[in-house]
Amino acid sequence: MYTLKKRKPLKILTLGFSSIIIGSALIFTACATGSKSYNAALDELDEFAPLDAGGIVYLYIDAVKARPILDAVELPGMGSMDKKQRDQVFDRTSSAVAAYYPETGDRRFLVAAQGAYPSARANMSFGFSSAWKKRRSQTGDAYWYSVQNKLSVSLSPSRAFISDGDPFVQPSGTQSPEGLAPFRQEAVLAGWVDNGAAPINRFLAGLNIPIEIPAGRVLFGVYQREQGYEARIRIETPSASQARGVAAIISMARLFMPPPASADDSLTDPLALAGVLFANPPKQEGVYLDVHTGPLNKKGISLLFNMFSVYSK
C-alpha cells in the first residue's frame, strides 16, 4: 500500500517586474489545473488574448532565445533563488506574455506562459498546503490563491496563468495593436506601452538627456544578433511636425554623446548607454519616430530594464 507524504508549503517569492518569472518558479513545483475549454478558446485568439485591457505595458518573451537576458536581469524577488532553481524556472517555459497594471486596479500583473508544466502534481501539491485555497474565477474556472503571498496560479499541461488577482479574463481579452507584427517577428522580447511619455521621459532624465518626447503609443522589440542584441523602438507623436522636431533635437544631441560602445563593453555608464541607444540617427515617418540602437549585450539590456521601469516614480 502506498502512502502520500505531505508536501511542505512552498515559499513564494515577492512580485515585481519579475512576476513573469517569479510566478513561473512557483508553478514548476506545484500548480493548479487549468481549464481545457479556456485554453481551447485561446488557441483561436490573439496571443495577448489571455491578458486584460488597461495595462501600463504589454510584453512578449521568447523564453528560449531570451535566456541569456533572463539569466542576467536582476529580477526583484528572485534573490533567494539559487542558479538551479532559476534554471528550473526557465527550462519549463517556451514563451510568455505579460501585462502590468496601475496600482489602483484589481491586479498589478497578469502572466500567461506556454511550456511543459507538471499539472499531474498540481492539485495534490496545493491541496496539501494550508497556504493555498481554491477560488473560482469570473470566467467560472478554478485557480489557487495564497492570501499570504497575494498570488494566484492556474496550470494546464501546456499553459500557466499567474497573477496577484484573478488570473483569467473574459475572452477575447487584449488584441495586439496594429503595427506590432513587424516588431514581434524574430524578436526575443517585444511589446508596447500605450502611454509612453512618462516612462520614456523618466528614462531620458536618468540618462541626463534634457529632452522630453510627447509620446503616445510606443512599440519595441529586442533582437538577437551575432554581436549581441539590437533594439528597435517606434514612438508615436501627436503630429508629424512634432516628430520632425524631436528627431532634429535628438540628432543635435548625438553630437555631444560618446561614440557607441561595442557589445562587449559593460555599458555601466549612462552616457555610454545613451551612445548605444542613439547610435543611429532617428528616422521620422509621418507621426512616428523610429529609433534603432547599436549593439547591446545582455548587461546593456539588463540596464535598460532597470532604468526603463514602468514603476519608477
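In terms of the side-chain hydrogen bond (donor to acceptor under 3.5 Å, both in side chains) criterion, residue partners of Ser239 (sequence neighbours excluded) are, by chain and number, Ser241, Gln242. Under the side-chain hydrogen bond (donor to acceptor under 3.5 Å, both in side chains) criterion, Arg234 pairs with Glu285, Asp290, not counting sequence neighbours. Annotation: side-chain hydrogen bond (donor to acceptor under 3.5 Å, both in side chains) contacts of Glu47 (sequence neighbours excluded): Arg184.
Checked by atom type, the side-chain pair Tyr117/Thr93 shows a donor-acceptor distance below 3.5 Å. In summary, the side chains of Ser156 and Asn39 do present a donor paired with an acceptor at a separation below 3.5 Å, with no hydrogens or angles considered.
Placement of Ile200 and Tyr288 in two distinct hydrophobic clusters is found when ILVMFWY residues are connected by side-chain heavy-atom separations under 4.5 Å, directly or transitively.
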Next item on the list: Check step by step if ring-ring contact (aromatic ring centres under 6.0 Å, His included) holds for Phe161 and Tyr38.
Entry: CA-CA 11 Å; Phe161 303 92; Tyr38 187 83; 5.5 Å; yes
Notebook entry, point to check: Between Ser176 and Asp46, is a side chain to side chain donor-acceptor pair (under 3.5 Å) present by the stated rule, with each step listed?
Noted result: CA-CA 7 Å; Ser176 301; Asp46 188 277; 2.8 Å; yes
Next item on the list: Begin from the C-alpha positions of Trp144 and Ser154 and carry the test side-chain contact (heavy atoms from CB on, under 4.5 Å) through to its verdict.
Entry: CA-CA 6 Å; Trp144 292 97; Ser154 183; over 6 Å; no
Next item on the list: Show your working on side-chain contact (heavy atoms from CB on, under 4.5 Å) between Leu110 and Val169 and close with a plain yes or no.
Entry: CA-CA 10 Å; Leu110 178 57; Val169 304; 3.7 Å; yes
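Classification of Arg107 and Asp52 as a salt-bridged pair holds, one side-chain N sitting under 4.0 Å from a carboxylate O. Between Asp141 and Arg135 there is no salt bridge, since none of the side-chain N atoms of the basic residue sits less than 4.0 Å from a carboxylate O of the acidic one. Between Glu236 and Arg217 there is no salt bridge, since no side-chain N of the basic residue sits under 4.0 Å from a carboxylate O of the acidic one. One finds a salt bridge joining Asp91 and Arg67 here, because a Lys/Arg side-chain nitrogen approaches an Asp/Glu carboxylate oxygen to under 4.0 Å.
Of all non-hydrogen atoms in Pro102 and Gly54, the two that sit nearest each other are CD-O, 3.5 Å.
Ring to ring, Tyr143 and Trp132 are not that close: their centroids are 6.0 angstrom or more apart.
To the nearest 0.5 Å, atoms NE2 (His292) and CD1 (Ile233) are separated by 10.5 Å.
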